Structure formats: C-alpha cells, structure tokens
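Predicted model only: the values in this text are computed from it and were never measured.
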Amino acid sequence: MVRGRPPQTRRTGANVTNSDNDWWRDAVVYQVYPRSFADADGDGTGDLRGVRDRLGYLGRLGVDAIWLSPFYTSPLHDGGYDVADYRDVDPRFGTLADFDALVADAHALGIRVIVDLVPNHTSCEHPWFREALRGIGRDRYIFRDSATGGPPNDWESIFGGPAWTQVEDGQWYLHLFDPTQPDLNWEHPEVRAEFRDILRFWLDRGVDGFRVDVAHGMVKAHGLPDVGPKEGRQAEMLGDETVPYFDQDGVHEIYREWRPILDSYPGGRMAVAEAWVSSPARLARYIGPDELHQAFNFDFLLAGFDAKSFREVIDKSLTEARIVGAPTTWVLSNHDVKRHVTRYGSLARARAATLLMLALPGSAYLYQGEELGLPEVLDLPDELREDPAFRRTGDSRDGCRVPLPWSGTAAGGFGFGPPGSAPPWLPQPESWAALTVEAQDRDPGSTLNLYRRALRIRREHPALGGGTLTWLASPEEVLALQRDPGLAVVVNTGEQAVALADLGLAGRVLLASEALDDEGVVPPDTTVWVQL
C-alpha cells in the first residue's frame, strides 16, 4: 500500500510562495478518463496500467497532477459514475495493486493523483441498493410512497424523464440521474460515516485529493417539495438554489465533516467541487478553510469566444476568489461537455483560449486529448453510444470520450498492446490519424508542443501561477492584461489584426497560439504572451 508524503511541488517561479500543502493553488491538473486514455492489454478498453505506462508522457507535458475519473467496480451504465464498490478497482481497469503502482510511479515523477468521489448516488448493483430492493435498509436511499399512483413529486432526472422509478412493492426511489443510479439519503448517519471511511481508505493509499461529483446535489430540500412551473433542465443544470435538489445549504455540513479528515493527512490533501450553482457568490460558499479547497469555474467554460464575455467572467471569478481567500480554478473542457475546439468553432480559437486560461491566476484543469487539439466526435453511430442521457433525451457526451489516438492509423492508434489488439470501445474518426501523439510529437507547430511550451513557461516564469492581474487598455474585441513581474497577455477575438505597439506594449513574444507573420502583430483568434 502506498503511504507517506506526496511529491514536493515542482514550481520554481519567484512569484510562487505556496507551501507544499498549498500545491493545488496554482497546479495544472490533467483529467484522465481511464476507459479512453490508454489500453495496456489490447482489449479495446483503457486501464490503469495504460495510465501508468503513459506517466512519462504526462511528465513531459508538464502537469502537476492527474485526476482519474472513476475506475471503481461498476456496471458502467454511466461511464463508471455508477459505483458498485467504492473500495475496489473494476477488473476491466485492473486491480488495487495496479492502482498502488500507478500512485507510486506518479509520485516518483512529481505528479500528484486526484481521484473521483461519487457521493450523490450509487450503482443499482451496490450491495446497499440490492438490500434495499429486498426491504432492508431502504432509509439509506430516498424511497417514498405515492398517494396518486404516479411519481411522488414532479422532479425530473437530469438525463430526462421522471426522477423516480417504482419497485415491485409499489414504492418509488429517487434518482436525479439514470434509474441505475439511486440517490443516497445524506440525512442518514450511516451514509455519512461510510463516506468518511471511503475518504480515509483512499487517503491511506496515497491519493492527494478528490474531485467531488455532483457536489451541489447530495442534500435535498426538506419534504421533497415540487419544483413547480420551472423551465426545466436549464435552470436545474445551472444549480438554481430554488430548485429543491440543488445547492441546498445542508451540503456544507457534509464538507465541514470532511475537511478535518483531509487536513489530518500530510502533504496538502485537497478536494475540488463539481458544483453547478447559480452565481460565483454561491460557488464561493463551497470553498474555505473549513470546507473544500476548490470548485470548478464553469462560468469560464460557458463563456463565448469574445473579449467581453471572457473579461466579465474573469472579473467576477477573481473578485469572488479574493473574498474567500482561495484561487480560481479554470477549465475549458471535461468529460461532460463538448470539447472546446468544437464549441469555439476552430482549433485556432481553442488554442487561443487555452493560452488565456494558462495565464490567469489560480489553477487550471486540462481534459485528456485537448493537448492534441481533438474536436468533438459528432457522428458516432447511435447504436454505439453508451451515454444514458442519449437514450432519454437524445443528448450524448460520448463524443468527448472517444479514446485517444496514440500512434499509427486512427483505427489502430489507441491500444499499444500485443498484435491483434481489439478496436477501441468507441471508434476514432479517420481524421484523427493526423492528430496522434506520434504525429504531433515531432511537429514543432503542433498543438501538443504548444501545450508543452506553455506549461514549461508557466512553471518557470515568475509572473505565472499565483499573483495578481491588471487589465490594460485595449480595443473592444481585444483583451490585454499584465501579470507581474514582466509579462503581458494579449487575446485578439476580433476580425482585424492588432499591433502590440498600438497597445503600448514593447517586448519579446514568448509564446503565440498561432505562428506570427510579424512578431509585433497579433492576428485574429490568437493569444500571445509578451515578455516586457
């Protein structure tokens, strides 16, 4: 079993004053979706040995930590976010020994390891729920009778349709997501004790932190009142606190129970919330010395590719961060949203947005494959899609979960196991043959090498990571900001090139998201970092 202190922080910039316990404040974290990252045994499914074998790639990329999406025992009705055993590895992904070896090797390379925690619901195959179906321990979940013969209230699933399913004896159970994911009852002391123990189990194995899935949803309003005449899923997904199953005050009691556990382990163990809430002020409530360390900034992910939208989100986020004394956590893509190449409409815009994100104060989370410039796969055959939301609403997240292309042709580029390896569990488009790691590794202008250069500069430059941000005067469609000491960032979201001299900037371009015909001119859809 892996124990002891996590790796020391590797950041060297003079602007960084974080202790080893505060490594997360300006870390770059890389999300690994294990099923689609790397396949070590050639069965078409990614696994923990595949992740371990590719740690050198991640070290060369320059990330400070990896976040592993669920690898626990699961029927995979929802990509592993339906957990049947929180203390074991699904055989399709490996063993606990594989996990321990991965953590040890990652720490040896100075890479920390964050794992997903899924506390809102379990799998329908979890032993507790199987007992509940037999009438044992139902109060660990949310079962209700119905006076009308239909669902007990008007709540709808995030994946579409009623949030209730009836069992054989006539009662109904709540599931905010798929029927295979019954919601736990967080008013039950046994549920709270179980997850405190789960935290300790993985902390004892050496993990450095947790990403808390649906961090805003575990506590439901007392009495389970009807939602009423809401517009539906849009309000719910934005975490409107008036929706009685999102962002209820009681979730903060849970996190105040967890924080002392995290603090009792050495080396700065942390937790980051996936919290969809209605405002930065609501999000800030999840962060603090007695609750969680970070919360994803989804407002930044939802911003349009224009200077006004970016600036409004950045200003609001930094203001709220100062109030709670914790850094903002920036993100552009993850396993639940369309890749930002596709959302922004071009690779050039995606590269420009990435350089903006990596220049902002705070930490940044990258999603596997964005360093290759992968677009969303929009034309997967319906019969191959596995997202449960697709079956209920027609919406699908499968397109951002297509396995990574490592080498060779697109069709055979995922696995690197023995000859005759099975094809990836989701097919890679032929166009990805030009986007493989192998192809981009030797191309100095590739997106992969842009990320490598950006992360190296971010690690070494004294202005990046922590610190403050000052806006500079600029045209309406241009963002210009200064990071002290000695770095300016210019983002051109307009249709006309802009000269650095016209912005009052004179210096050497350290990095540009696109090749510059003239070092002193920033083309449209381009970000530059300028050494002043």
Novice: Does the pair Lys308/Glu312 count as a salt bridge with the N-to-O cut at 4.0 Å?
Specialist: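 Yes, this pair counts.
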Novice: Do you see a donor-acceptor pair shorter than 3.5 Å between the side chains of Ser36 and Trp425?
Specialist: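 Note: Ser36 and Trp425 side chains meet the donor-acceptor criterion.
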Novice: If we ignore hydrogens and angles and just use 3.5 Å, is the side chain of Thr493 paired with the main-chain N or O of Glu477 as donor and acceptor?
Specialist: yes
Novice: Main chain of Leu61, side chain of Arg452: is a donor-acceptor contact present, judged purely on distance under 3.5 Å?
Specialist: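 Judged by distance alone, no pair lies under 3.5 Å.
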Novice: Would you call the rings of Phe37 and Trp406 parallel, tilted or perpendicular, taking 30° and 60° as the class edges?
Specialist: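 Ring orientation, 0 to 90° scale: perpendicular.
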Novice: My understanding is that only one of Tyr365, Trp330, Phe305 makes a ring-ring contact (aromatic ring centres under 6.0 Å, His included) with Phe300; could you say which?
Specialist: Trp330
Novice: After noting the C-alpha distance and the side-chain angles of Val63 and Val29, does the key distance pass the side-chain contact (heavy atoms from CB on, under 4.5 Å) rule?
Specialist: CA-CA 6 Å; Val63 301; Val29 182; over 6 Å; no
Novice: With a 3.5 Å cut-off and no angle check, do the side chains of Asp116 and Trp67 form a donor-acceptor pair?
Specialist: yes
Novice: So, taking the atom named CD in Glu370 and the one named OG in Ser333, what distance separates them when rounded to the nearest 0.5 Å?
Specialist: 5.5 Å
Novice: Of Tyr72, Phe71, Phe93, which meets ring-ring contact (aromatic ring centres under 6.0 Å, His included) against Phe99?
Specialist: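 Of the listed residues Tyr72, Phe71, Phe93, the ring-ring contact (aromatic ring centres under 6.0 Å, His included) partner of Phe99 is Phe71.
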Novice: Look at the side chain of Glu438 and the backbone N and O of Thr436, then say whether any donor-acceptor pair between them is shorter than 3.5 Å.
Specialist: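 No, the answer is negative, given that no donor and acceptor are paired below the 3.5 Å cut-off.
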Novice: How many angstroms lie between atom CH2 of Trp432 and atom CG of Leu404, to the nearest 0.5 angstrom?
Specialist: 7.0 Å
Novice: How many angstroms lie between atom CG of Leu68 and atom OH of Tyr33, to the nearest 0.5 angstrom?
Specialist: 13.0 Å
Novice: So, His335 versus Tyr81: side-chain donor-acceptor pair below 3.5 Å or not?
Specialist: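 A pair is found: one side chain offers a donor N or O, the other an acceptor, under 3.5 Å apart.
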Novice: Between Val341 and Glu376, does the side-chain contact (heavy atoms from CB on, under 4.5 Å) criterion hold? Intermediate values first, please.
Specialist: CA-CA 7 Å; Val341 168; Glu376 187 84 357; over 6 Å; no
Novice: May I ask you to check whether Thr447 and Gln440 show a side-chain donor-acceptor distance below 3.5 Å?
Specialist: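 No.
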Novice: Checking Gln531 side chain against Gly486 main chain: does a donor-acceptor pair fall under 3.5 Å?
Specialist: yes
Novice: Before accepting this row, confirm whether a basic side-chain N of the pair Arg60/Asp441 lies closer than 4.0 Å to the acidic partner's carboxylate O.
Specialist: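 Salt bridge between Arg60 and Asp441, a charged N being under 4.0 Å from a carboxylate O: yes.
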Novice: Heavy-atom distance under 4.5 Å between the side chains of His107 and Val103, does that happen here?
Specialist: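 They are in side-chain contact.
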Novice: For residues Asn297 and Ser317, is any side-chain donor paired with an opposing acceptor at under 3.5 Å?
Specialist: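 Asn297 vs Ser317: donor-acceptor pair found between side chains.
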Novice: Using only atom types and a distance under 3.5 Å, with no angle test, would you say the side chain of Asp39 pairs donor to acceptor with the backbone of Asp43?
Specialist: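 It does hold such a pair.
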Novice: Do His77 and Glu386 pair up side chain to side chain, a donor and an acceptor below 3.5 Å, judged on atom types alone?
Specialist: no
Novice: Is the backbone N or O of Gln496 less than 3.5 Å from a side-chain atom of Asn492, with the two atoms forming a donor-acceptor pair by type?
Specialist: yes
Novice: Give me the ring orientation class for Phe296 and Phe298: parallel if the planes are under 30° apart, tilted from 30 to 60°, perpendicular past 60°.
Specialist: tilted
Novice: Kindly compute the distance separating CG (Leu109) from CG (Leu58), expressed to the nearest 0.5 Å.
Specialist: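 Going from CG on Leu109 over to CG on Leu58, the span is 9.5 Å.
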Novice: How far does CG of Leu435 sit from CG of Leu448, to the nearest 0.5 angstrom?
Specialist: 11.0 Å
Novice: Go through the side-chain N and O atoms of Trp471 and Asp315 and say whether any donor and acceptor fall under 3.5 Å apart.
Specialist: yes
Novice: Hey, is the main chain of Val522 close enough, under 3.5 Å, to the side chain of Thr526 for a donor-acceptor pair?
Specialist: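 A pair under 3.5 Å: no.
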Novice: Mark yes when over 12 heavy atoms from residues, nucleotides or ligands other than Asp517 sit less than 6.0 Å from its CG; otherwise mark no.
Specialist: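 It does not: Asp517 CG has 12 such atoms or fewer within range.
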Novice: Whether Asp78 and Arg397 form a salt bridge (side-chain N of Lys/Arg under 4.0 Å from carboxylate O of Asp/Glu) is what I want to check.
Specialist: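 Counted as a salt bridge, because a side-chain N and a carboxylate O are separated by less than 4.0 Å.
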Novice: Do Ser74 and Asp82 have side-chain N/O donor and acceptor atoms under 3.5 Å apart?
Specialist: yes
Novice: State whether the side chain of His293 and the backbone N or O of Met270 hold a donor-acceptor pair below 3.5 Å, judged by distance alone.
Specialist: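 Looks like no, no N/O pair under 3.5 Å.
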Novice: Out of curiosity, Arg349 CZ to His340 NE2, how far, rounded to the nearest 0.5 Å?
Specialist: 13.0 Å
Novice: Which is it for Val478 and Val491 under the side-chain contact (heavy atoms from CB on, under 4.5 Å) test, yes or no, and what are the steps along the way?
Specialist: CA-CA 6 Å; Val478 175; Val491 187; over 6 Å; no
Novice: Answer yes when Asp20 and Arg112 have at least one side-chain N-carboxylate O distance shorter than 4.0 Å, and no when they do not.
Specialist: yes
Novice: Please check this pair: side chain of Asp64 against backbone of Val28, looking for a donor-acceptor N/O pair closer than 3.5 Å.
Specialist: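 Judged by distance alone, yes, a pair lies under 3.5 Å.
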Novice: Looking at Asp398 and Arg401, is any side-chain nitrogen of the basic one under 4.0 Å from a carboxylate oxygen of the acidic one?
Specialist: no
Novice: Identify whether the distance between the nearest side-chain nitrogen and carboxylate oxygen of Arg459 and Asp26 falls below 4.0 Å.
Specialist: no
Novice: Taking Leu355's backbone N and O only, do any of them form a donor-acceptor pair with Trp529's side chain (distance below 3.5 Å, no angle check)?
Specialist: yes
Novice: Should Asp247 and Arg282 count as an ion pair when the cut-off is N to O under 4.0 Å?
Specialist: yes
